[in-house]
Chemist: 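Provided herewith is a single structure, encoded as structure tokens, for subsequent inquiry.
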Amino acid sequence: VQDQTVSALIDRMWSLQSDEEGRSKVLRSAEFKAMCSRFQGHDKLLENAVKVMWRDLKAYNRKAAHDYVVYDGKIGYKEQDGVTTGVTMGYMTLFAAMKHYELKNSQNIEDFVRKEEVDRRKGLVLELGAFSYAEIPSKYDTIIGLTGTLKELAQVEKEYLSAHYGIRKQTFLPPVYGGGKLDFEHATNRGICIASSGDHHREIVNAIKHQQRGDTKRPIMVFFATKQGLLDFYRSNEFSFFKKSAKIVKEDTMAEEKEGYIRSAMSKGSVTLLQREFGRGTDFKCFDDTVAQNGGAHVIQTFLSSSAAEETQIKGRTARQGDPGSYSMVLYEDDLKELLKDGMPDLRALRGMGEGRLRVLHEKRDALYTTHFEEVKSNIREAKASDDQARDFQQCLVEGRRGDIVERLTEYNLLKTRSSGPHHVVILMDATYSMEFLLERTKVMAQKLLDRLDQLIEESKGKYDNFEVCFAVYRNYSSGPAKVLETSRWLEGASDAQTFLSGIHCDGGQGNEAIEVGLQYANKLFDDGERVHQVIVMGDKPPNTRDDVEQNRKTPHWSTNETNNWTGTEYEQETYFEDERAKLIENNVTIHSLFVGEQIYAPGFFEVASDDGLKENLPLDSDPNSEGFTKTIARPILKAVGGDEAVQEYLKKYSYIK
């Protein structure tokens, strides 16, 4: 919502950003009164907007995670295809634009944002609803789909498509260019290499060299599961021979660069490193006849896909349209531990299987995917409630029911504010490589929990207080000052959480982890005048000891091997979990320790919890739907905002999920 009165109020707030009483002054200002006069009858909605705006301003100044870029004089966000400037992240996008507009006299023109961008962003951000993509097909009488991976759908997916959407007929068309010419020697160690600890990078390089031996110089595309994994390989000593000429294609690669790299990926002798996202929908075209004569492009996949469909799509980046091509896997043994946790077979036996190796990997992968798909179905069911609400509001707009529109708009946007202020929960989440298999499930679980609590509080019609969460994702000192801790602003629900968590990936790790910096952050929120009521620690390793802190801070960066410089950073002074824990307890903060690792228990992890906090062992690998976890975390939050009644209401509402 844009208006001169809104713009004036935003300017007033910007001028008071360093004033501790800034929010109160804005609400008493002539600018706020003028805005209320302009939009009469919406005082509560406008007051709430000011509070949310002030919260985002404080979060922006606190440098809460907000991964934006300045692109062509605008604030943008990185996507697979480059940068989009059409996305708004609450009011933080506006404040980023205002901050960079102030740099108009800076020598670095790349940091400058034009006034038109500030004007475009100046306005009230109101939430109108959230549609579920999963519900869209159900609104049509006929559903017709086209996919190249229909045969690779898991059995549980086929059953769900049939039961939920009524899709029962499948037609398979033969490829236009005839049978594929993909060469995949899956029965050999060259076709599927399982690299031991420390040898993964070397084995990938060996695979590249083998395919470019002699005069063949075949184009090589290497796909990685994560951006961090790609960069680690690119920076490794093993890859140094290819580094100068190699191209890397990441989700945040600018569109112009990406297009050029994709065009050159099929050139003779090229080596291109790509994130897994480019293994589907990206058309790699070859215009060099000598490439086909030498066997076509070779694709190396460095991870086992979580689904058969993704694996087929990555294979499909070569041997396209009748051309030849080849494919191989170079897998890291540590990445297969979850698949093989039952010990049948063990890694040694798997390496020696030959012909049966691929079949075993696929069977294990499909079984794990089937388990995780139950969580997908649960999420779809819960998203339907938000979809129904959004469609109801849409109908009010279509029919022009102004009274209902105003009522529902106000209700939806006032949901997160109470006169006493929201209940504040800080969630500390381990994002080191020891959590590699569990991090995605932990993120999904957190979003599911927040979505449920949002619905429950909304349905209470004001009976329960509200809450906000702040994520603090911790690692260890070998990740350096930029990655040892990543934090969000105060978030009001699942959609906000999804935006933040989607950018979180595993990085580093040194045995015990830097839980102390997460606790320190919760204490800093207090110092900034933010009330914190509960801290929830989720991880699979205990906090650093005092000796760990002293030694780990001296450790070079785990990836670059460069010395970490803590001087001038917010972590310049050492801190210890015992001291940070004591400060929080002194401020009446309840601290919960929730262990999610594969072990039964990590000694020392529960020492973080306060005496009144939960100390729970909740390994996610034995909780396929994460229901035990979500219910455990929901209890203390609901107890605080609505007492035992709210807890029982939650358990009753979701008792159908086992």
Chemist: Taking C-beta and beyond as the side chain, do T555 and Q510 meet within less than 4.5 Å on heavy atoms?
Modeler: yes

Chemist: Could you walk me through whether K250 and E277 pass salt bridge (Lys or Arg N to Asp or Glu O under 4.0 Å), step by step?
Modeler: CA-CA 8 Å; K250 314 184 302 296; E277 286 77 9; over 6 Å; no

Chemist: Between D334 and K337, does the salt bridge (Lys or Arg N to Asp or Glu O under 4.0 Å) criterion hold? Intermediate values first, please.
Modeler: CA-CA 6 Å; D334 286 2; K337 286 182 178 179; 3.5 Å; yes

Chemist: Looking just at side-chain N and O atoms, do S196 and Y332 make a donor-acceptor pair shorter than 3.5 Å?
Modeler: no

Chemist: Would you say the side-chain atoms of S264 pair up with the backbone N or O of Y261, donor to acceptor, closer than 3.5 Å?
Modeler: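 Side chain of S264 to backbone of Y261: a pair is present.
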
Chemist: Below 4.5 Å, heavy atoms only, C-beta onward: do M353 and V360 meet side chain to side chain?
Modeler: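 In short, these two side chains touch, coming nearer than 4.5 Å.
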
Chemist: Closest heavy-atom contact between M266 and A297?
Modeler: SD-CB, 3.6 Å

Chemist: Report yes or no: does T432 contribute a side-chain atom to a donor-acceptor pair with the main-chain N or O of R475 at less than 3.5 Å?
Modeler: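 Flag not set: sc T432 to bb R475 has no pair under 3.5 Å.
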
Chemist: Give the minimum heavy-atom separation between K268 and T216, together with the two atoms involved.
Modeler: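 What the structure gives for the nearest pair is CE-O, 3.8 Å.
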
Chemist: State, with a plain yes or no, whether a side-chain heavy atom of F284 is found less than 4.5 Å away from one of T318.
Modeler: no

Chemist: Ignoring hydrogens and geometry, is there a side-chain-to-backbone donor-acceptor pair from T85 to K74 under 3.5 Å?
Modeler: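 Absent.
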
Chemist: Counting only heavy atoms not in D215, do more than 12 fall under 6.0 Å of its CG?
Modeler: no

Chemist: What closest approach, in Å, do S307 and R365 show between heavy atoms, and which atom pair accounts for it?
Modeler: O-NH1, 3.6 Å

Chemist: Checking ring pair (Phe, Tyr, Trp, His ring centres under 6.0 Å) between H100 and each of Y68, Y71, Y60, which is the one that passes?
Modeler: Y68

Chemist: What I'd like to find out is whether the side chain of V70 reaches to under 4.5 Å of the side chain of F112, using heavy atoms alone.
Modeler: no

Chemist: Say whether N476 and W558, considering side chains only, have a donor N or O and an acceptor N or O under 3.5 Å apart.
Modeler: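 Checked: N476/W558 side chains show no N/O donor-acceptor pair below 3.5 Å.
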
Chemist: When the ring planes of F224 and F233 are compared, do they come out parallel, tilted or perpendicular, using 30° and 60° as the limits?
Modeler: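 Rings of F224 and F233: tilted, 30 to 60°.
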
Chemist: How close do N565 and P481 get, heavy atom to heavy atom, and via which atoms?
Modeler: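 Looking at all heavy atoms of both residues, the shortest contact is O-CG, 3.6 Å.
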
Chemist: So, does T88 use its side chain to make a donor-acceptor pair with the main chain of G90 at under 3.5 Å?
Modeler: no

Chemist: For residues I300 and M329, determine if any side-chain heavy atom of one lies less than 4.5 Å from a side-chain heavy atom of the other.
Modeler: no

Chemist: Near F241 CZ, under 6.0 Å, is it more than 12 heavy atoms from other residues, nucleotides or ligands?
Modeler: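 Result for CZ/F241: open.
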
Chemist: Could you state the interatomic distance from CD (Q155) to OH (Y369), rounded to the nearest 0.5 Å?
Modeler: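 Taking CD in Q155 and OH in Y369, the distance rounds to 12.5 Å.
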
Chemist: Atom OG in S479, atom CD in E486: separation rounded to 0.5 Å?
Modeler: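 Rounded to the nearest 0.5 Å, the OG-CD separation comes to 9.5 Å.
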
Chemist: Kindly check if the number of other-residue, nucleotide or ligand heavy atoms within 6.0 Å of CG (D288) is above 12?
Modeler: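 Yes, because the 6.0 Å sphere around CG of D288 holds more than 12 heavy atoms from other groups.
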
Chemist: Do F239 and L273 pass the side-chain contact (heavy atoms from CB on, under 4.5 Å) test, and can you show the C-alpha distance, the side-chain angles, and the key distance before you say yes or no?
Modeler: CA-CA 11 Å; F239 191 63; L273 313 182; 3.9 Å; yes

Chemist: Just checking, is any N or O donor in the side chain of T226 or Q275 under 3.5 Å from an acceptor N or O on the other one?
Modeler: no

Chemist: Taking the side chain as C-beta and beyond, is there a heavy-atom pair between E152 and Q313 under 4.5 Å?
Modeler: no

Chemist: As a quick check of understanding, evaluate salt bridge (Lys or Arg N to Asp or Glu O under 4.0 Å) for E116 and R120, giving each step before the final call.
Modeler: CA-CA 6 Å; E116 293 82 3; R120 182 171 76 98; over 6 Å; no

Chemist: Could you give the distance from CG (L150) to OG1 (T312), rounded to the nearest 0.5 Å?
Modeler: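 With rounding to 0.5 Å, CG (L150) is 11.5 Å from OG1 (T312).
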
Chemist: How are the rings of W566 and Y477 set to each other: parallel, tilted or perpendicular (split at 30° and 60°)?
Modeler: perpendicular

Chemist: Please lay out, stage by stage, how L161 and L153 fare under the test side-chain contact (heavy atoms from CB on, under 4.5 Å).
Modeler: CA-CA 10 Å; L161 288 175; L153 288 179; 3.8 Å; yes

Chemist: Cut-off 3.5 Å, side chains only: do S305 and Q301 have a donor facing an acceptor?
Modeler: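 Q301 and S305 do have a side-chain donor-acceptor pair below 3.5 Å.
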
Chemist: Distance-only, no hydrogens or angles: does the E117 side chain make a donor-acceptor pair with backbone N or O of A97 under 3.5 Å?
Modeler: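 Pair absent, no side-chain N/O of E117 close to backbone of A97.
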
Chemist: Do F223 and L230 come close enough that some side-chain heavy atom pair is under 4.5 Å?
Modeler: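 A side-chain contact under 4.5 Å is absent here.
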
Chemist: Is any side-chain heavy atom of F471 less than 4.5 Å from a side-chain heavy atom of R489?
Modeler: no

Chemist: Examine the side chains of Q228 and D232 and answer whether a donor and an acceptor come within less than 3.5 Å of each other.
Modeler: yes

Chemist: Determine whether a donor-acceptor pair (N or O, by modelled atom type, separation under 3.5 Å) exists between the side chain of R317 and the backbone of I314.
Modeler: no

Chemist: Assess the side chains of H362 and E311: does a donor N or O sit below 3.5 Å from an acceptor N or O?
Modeler: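 Yes, a side-chain donor-acceptor pair sits under 3.5 Å.
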
Chemist: Looking at every non-hydrogen atom in both residues, tell me the closest pair between L347 and L340 and how far apart they are.
Modeler: CD2-CD1, 3.7 Å

Chemist: Would you find a donor on one side and an acceptor on the other, under 3.5 Å apart, between the side chain of K243 and the backbone of Y234?
Modeler: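 Checked: pair present.
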
Chemist: Would a distance-only check, ignoring hydrogens and angles, find a side-chain to backbone donor-acceptor pair under 3.5 Å from D183 to S326?
Modeler: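 Not a single qualifying donor-acceptor pair exists.
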
Chemist: Determine which pairs satisfy salt bridge (Lys or Arg N to Asp or Glu O under 4.0 Å) with at least one residue from residues 189-211, sequence neighbours left out, and list them in order.
Modeler: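 The answer is D199-R202.
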
Chemist: Is a side-chain donor or acceptor of T272 paired with a backbone partner of K247 at a separation under 3.5 angstrom?
Modeler: no

Chemist: Will you find, in the side chains of T149 and T147, an N or O donor that is under 3.5 Å from an N or O acceptor?
Modeler: yes

Chemist: Nearest 0.5 Å please: distance from the OG1 atom of T290 over to the CZ atom of R218.
Modeler: 12.0 Å

Chemist: Ignoring hydrogens, what is the shortest heavy-atom contact between P137 and I143? Give both atom names and the distance.
Modeler: O-CD1, 3.6 Å

Chemist: Could you tell me if K377 sits above the aromatic ring of Y160, with its cationic atom closer than 6.0 Å to the ring centre and no more than 45 degrees from the axis?
Modeler: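 Negative - K377 is either too far from the ring of Y160 or too far off its axis.
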
Chemist: Are a donor atom and an acceptor atom from the side chains of S328 and H298 found within less than 3.5 Å of each other?
Modeler: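 Note: S328 and H298 side chains meet the donor-acceptor criterion.
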
Chemist: Is the ring pair F184/H186 parallel, tilted or perpendicular, if the boundaries are 30 and 60 degrees?
Modeler: perpendicular

Chemist: Kindly compute the distance separating CG (L339) from CG (D366), expressed to the nearest 0.5 Å.
Modeler: 10.0 Å

Chemist: Counting distance only, does the side-chain N/O of R320 pair as donor-acceptor with the main-chain N or O of C286 below 3.5 Å?
Modeler: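 No, R320 side chain to C286 backbone: no donor-acceptor pair under 3.5 Å.
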
Chemist: Once you round to the nearest 0.5 Å, how far does CD of E238 lie from CD1 of I204?
Modeler: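 So the CD of E238 and the CD1 of I204 are separated by 9.5 Å.
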
Chemist: Given side-chain contact (heavy atoms from CB on, under 4.5 Å), test L304 with D335 step by step and report yes or no.
Modeler: CA-CA 8 Å; L304 185 66; D335 293 345; over 6 Å; no

Chemist: For Y571 and V484, what are the C-alpha separation, side-chain angles and deciding distance, and is it a side-chain contact (heavy atoms from CB on, under 4.5 Å)?
Modeler: CA-CA 9 Å; Y571 314 108; V484 68; 3.6 Å; yes

Chemist: Might you confirm whether atom NZ of K158 has over 12 heavy atoms from other residues, nucleotides or ligands at distances under 6.0 Å?
Modeler: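 Enclosed: over 12 neighbouring heavy atoms sit under 6.0 Å from NZ of K158.
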
